[in-house]
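Counting begins at 1 with the first residue of the sequence. Computed from heavy atoms alone, side chains included, the values below leave out hydrogens, waters and symmetry copies.
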Amino acid sequence: MALYSDKVMDHFRNPRNVGVIEDADGVGEVGNAKCGDIMKMYLKIDDDIITDVKFETFGCGSAIASSSMATELIKGKPVSEAMTLTNKAVAEALDGLPDYKMHCSVLAEEAIQNALEDYYTKNPDQRPQQTEK
C-alpha cells in the first residue's frame, strides 16, 4: 500500500490557491514547533461568502496537500460553513493521511479558524450572534 493517497500526491505536486491576497479580509498563521511546519491563510469575504482564499505553507508534502485541500473545501462557501471545517474533513477529502501526519490537517483547520477570527476582529458587526442556551 502506498504511504500517501493519489489525492495527497496531486495536491502536493499541484497545489491549488497558492499565494497571497494583499488586501485580505482575514489572515491566519499557525505553526508546529515540533515539525517546523508553518501555514498562512488569506481570506477574501464578500456578503458572507469566501470569494477567494490563498495559502503559503512552509512544510512537508502533507502540510502542503492539507493547505491546498482546505482552501478548495471553503472557497465559494459561506463563512458559517468554513467555520465548521474540521481537520478530519480535510484528511477525508485527501483520502486519508498517515496517523503521524494528521497534525498537518489540524494546522489547516487552525489557520482557517485564525483567519476567520482575524476577519471578525476587523469586522465585529459581521460576527454571528451567540444564542443563549
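The shortest distance between side-chain heavy atoms of S67 and E56 does not fall below 4.5 Å. The shortest distance between side-chain heavy atoms of L97 and V8 falls below 4.5 Å. With a 4.5 Å cut-off on side-chain heavy atoms, R16 and H11 count as touching. By the 4.5 Å heavy-atom criterion applied to side chains, I49 and K77 are not counted as neighbours. Side-chain contact between K40 and F55 is absent, with no heavy-atom pair separated by less than 4.5 Å. Here the side chains of Y4 and K101 are in contact, with some heavy-atom distance below 4.5 Å. Looking at heavy atoms from C-beta onward, L94 lies in side-chain contact with M69 at the 4.5 angstrom threshold. D6 has its side chain out of reach of D95: every pair of non-hydrogen atoms, C-beta onward, lies at least 4.5 Å apart.
Residues M39 and V106 do not share a hydrophobic cluster, clusters being chains of Ile/Leu/Val/Met/Phe/Trp/Tyr side chains in contact below 4.5 Å. In the hydrophobic cluster analysis, where Ile, Leu, Val, Met, Phe, Trp and Tyr join through side-chain heavy atoms closer than 4.5 angstrom, V30 is grouped apart from Y42. In this structure, I45 is a member of the same hydrophobic cluster as I112, with clusters built from ILVMFWY side-chain heavy atoms closer than 4.5 Å. When the side chains of ILVMFWY residues are joined at heavy-atom separations under 4.5 Å, either directly or via intervening members, I50 and V20 end up in two distinct hydrophobic clusters.
Contact between G59 and D37 at its shortest, heavy atoms only, is CA-OD1, 3.1 Å. In terms of heavy atoms, L73 sits closest to A89 at CD1-O, 4.2 Å. Closest heavy-atom contact between A111 and M41: CB-CG, 3.4 Å. In plain terms, the two heavy atoms of T121 and P124 that are nearest each other are O-CD, 3.7 Å. Counting all heavy atoms, side chain and backbone alike, A65 lies closest to F12 at CB-N, 4.1 Å.
A distance of 12.0 Å separates OG in S68 from NZ in K7, rounded to the nearest 0.5 Å. Once rounded to the nearest 0.5 Å, the distance linking CD1 of I21 with NZ of K54 reads 6.5 Å. Between the OH atom in Y119 and the CD atom in Q126 there is a gap of 4.0 Å [rounded to 0.5 Å]. Note that CG of D46 is 4.5 Å distant from OG1 of T51, once rounded to the nearest 0.5 Å.
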Criterion salt bridge (Lys or Arg N to Asp or Glu O under 4.0 Å) on D52 and K75, from CA distance to verdict: CA-CA 6 Å; D52 198 9; K75 192 172 188 175; 3.7 Å; yes
E29 and N114: CA distance, side-chain angles, deciding distance, side-chain contact (heavy atoms from CB on, under 4.5 Å) verdict: CA-CA 7 Å; E29 185 171 0; N114 287 354; over 6 Å; no
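Counted within 6.0 Å of NZ on K88, heavy atoms from surrounding residues, nucleotides or ligands total 12 or fewer; the atom is thus considered open.
A salt bridge links R127 to E117: at least one charged side-chain nitrogen sits closer than 4.0 Å to a carboxylate oxygen.
Across V27, L43, D25, a single residue satisfies side-chain contact (heavy atoms from CB on, under 4.5 Å) together with D118, and that is V27. Evaluated for a side-chain contact (heavy atoms from CB on, under 4.5 Å) with C60, the options C35, S66, C104 yield exactly one hit, C104.
Remark: side-chain polar atoms of N123 are not paired, donor with acceptor, to backbone N or O of D125 under 3.5 angstrom. Judged purely by atom type and a 3.5 angstrom limit, Q113 uses its side chain to pair as donor or acceptor with the backbone of M83.
Between the side chains of N17 and E72, at least one donor N or O sits under 3.5 Å from an acceptor N or O.
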